[in-house]
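Any value given below was found using the heavy atoms of this structure, including those in side chains, with hydrogens, waters and symmetry copies removed. Atoms within a ligand are numbered from 1 in the order they appear, just like the ligands themselves.
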Amino acid sequence: MEIRSVGVVGAGQMGNGIAHVMALAGYEVCLNDIDQGALDKALALITRNLDRQVSREKISAAERDTALARIRTSLSLRDVAQTDLVIEAATEREEVKHKIFEALLPDLKPETILTSNTSSISITRLASRTDRPERFMGFHFMNPVPVMQLVELIRGIATDKDTYESCLSVVERLGKTAASAEDFPAFIVNRILMPMINEAVYTLYEGVGNVNSIDQSMKLGANHPMGPLELADFIGLDTCLAIMNVLHEGLADTKYRPCPLLTKYVEAGWLGRKTQRGFYDYRGEVPVPTR
Ligand SMILES: CC(=O)CC(=O)SCCNC(=O)CCNC(=O)[C@H](O)C(C)(C)COP(=O)(O)OP(=O)(O)OC[C@H]1O[C@@H](n2cnc3c(N)ncnc32)[C@H](O)[C@@H]1OP(=O)(O)O
Ligand SMILES: NC(=O)C1=CN([C@@H]2O[C@H](COP(=O)(O)OP(=O)(O)OC[C@H]3O[C@@H](n4cnc5c(N)ncnc54)[C@H](OP(=O)(O)O)[C@@H]3O)[C@@H](O)[C@H]2O)C=CC1
């Protein structure tokens, strides 16, 4: 089936990036959230990121305008249900995701493909509560979506070949590269990346280094573009903790135990950049370490 329209559920940092790249690639996009404020913020951010691409001569002003015209926002999941491909990109909580898919089901077209941008949650389990496990997959973008080349494609136990191939052709049309991952907790990227971030938090917790020395060590000593604590703030500490919990519970191995300091930051509501405070405080001119 040719995919022409894409519904994106959740207009946070991932949802806005997904809407951006889909619209630029020529898909009609319906962007949904439970909060009008989140939709307004997402559209403003997409406009700013497209403007930056125009000013750096990556795209023309006409391409920006056409892309923006392809994005409509809606608070109703009914509008999302009418699209050919749904990408759920709401908060990393399994119950939230189940509820979204359950709410979509009554209005879905029979041929619509359902996907989740989840960082860690079982695709097979999410699919099992829908009417179409064979037309359900993991469609996992990396942050920031307009910049990162990779998309992980995760097949659940029931996902059929046509669904995989349709999603693969979307990734190709975006000019991105797909990596195929089996459906086990946190798939490939986060199975490797998140224990590294969690270990960085343990390094801080145990006083081996402070925020600056840990980040600087990994930037200058391992050539990472961002230090692990800066990256954790960028991803969102709630999302990092949720992924560690999925690894810990799903693989039943104490090596994935989330660091208590990570839990403490999340309990404080210090979730990183999105709340202006995490391992760094972003409220001033320059980020200041909080430890
Ligand atoms: C948690 C999960 O489930 C999975 C994940 O996503 S894990 C996280 C994966 N992501 C990473 O590891 C990101 C690591 N960081 C980086 O690669 C880099 O720091 C970065 C690309 C984010 C920024 O790079 P930089 O060199 O410091 O900044 P800068 O030169 O300003 O930006 C580079 C380009 O990215 C663009 N960019 C930066 N941030 C952006 C954003 N949030 N949205 C859109 N574009 C952005 C810039 O416009 C610039 O574009 P051009 O090359 O066209 O000029
Ligand atoms: N952050 C990252 O680096 C990456 C994240 N992901 C995954 O993408 C997904 C989204 O993450 P991210 O964008 O960072 O999270 P954000 O917290 O930035 O955004 C999530 C958005 O979803 C909204 N939301 C919550 N419940 C619903 C609902 N029932 N219906 C519609 N929208 C809802 C939230 O609204 P409100 O704020 O009002 O609750 C918020 O606007 C998660 O599954 C995450 O694991 C994947 C790759 C990278």
*Answer yes or no: is there a donor N or O on one side and an acceptor on the other, between the side chain of R155 and the main chain of D183, under 3.5 Å?*
no
_Please output the residues near ligand 1 using a strict heavy-atom distance under 4.0 Å, listed in chain and residue-number order._
N49, R52, R56, K58, S119, H140, M142, N143, P144, P146, V147, M148, N190, L193, P225, M226, L231, I235
*Show your reasoning for whether side-chain contact (heavy atoms from CB on, under 4.5 Å) applies to E88 and N117.*
CA-CA 6 Å; E88 172 279 314; N117 184 52; 5.8 Å; no
*Just by modelled atom types, is the L193 backbone N or O under 3.5 Å from a matching donor or acceptor in the N190 side chain?*
no
_Any side-chain to backbone donor/acceptor pair from D107 onto A81? Under 3.5 Å, distance only._
no
_Please say yes or no: joined through hydrophobic side-chain contacts below 4.5 Å, possibly via intermediate residues, are I34 and L43 part of one cluster?_
no
*Find out whether the Lys NZ or Arg CZ of R273 is both under 6.0 angstrom from the six-membered ring centre of Y280 and within 45° of the ring's axis.*
no
_Is it true that N32 and S74 share a donor-acceptor pair across their side chains at a distance under 3.5 Å?_
no
_Under 3.5 Å: donor-acceptor pair, side chain of D281, backbone of R277_ = no
I'd like a table of the close N/O pairs between ligand 2 and the protein (anything under 3.5 Å), one pair per line with both atom names and the distance.
unit_1	atom_1	unit_2	atom_2	d
ligand 2	1 (N)	Q13	NE2	3.2
ligand 2	1 (N)	I235	O	2.8
ligand 2	3 (O)	N143	ND2	3.1
ligand 2	6 (N)	S119	OG	3.2
ligand 2	8 (O)	N117	ND2	3.0
ligand 2	13 (O)	Q13	N	3.3
ligand 2	13 (O)	M14	N	2.9
ligand 2	14 (O)	Q13	NE2	3.2
ligand 2	17 (O)	K274	NZ	3.1
ligand 2	18 (O)	Q13	N	3.1
ligand 2	41 (O)	D33	OD2	2.8
ligand 2	43 (O)	A90	O	3.2
ligand 2	43 (O)	E92	OE1	2.5
ligand 2	43 (O)	K97	NZ	2.8
ligand 2	45 (O)	E92	OE1	2.9
ligand 2	45 (O)	S119	OG	2.6

*Start with the C-alpha distance between V8 and V29, add both sets of side-chain angles, then the distance that settles side-chain contact (heavy atoms from CB on, under 4.5 Å), and finish with yes or no.*
CA-CA 7 Å; V8 181; V29 176; 4.3 Å; yes
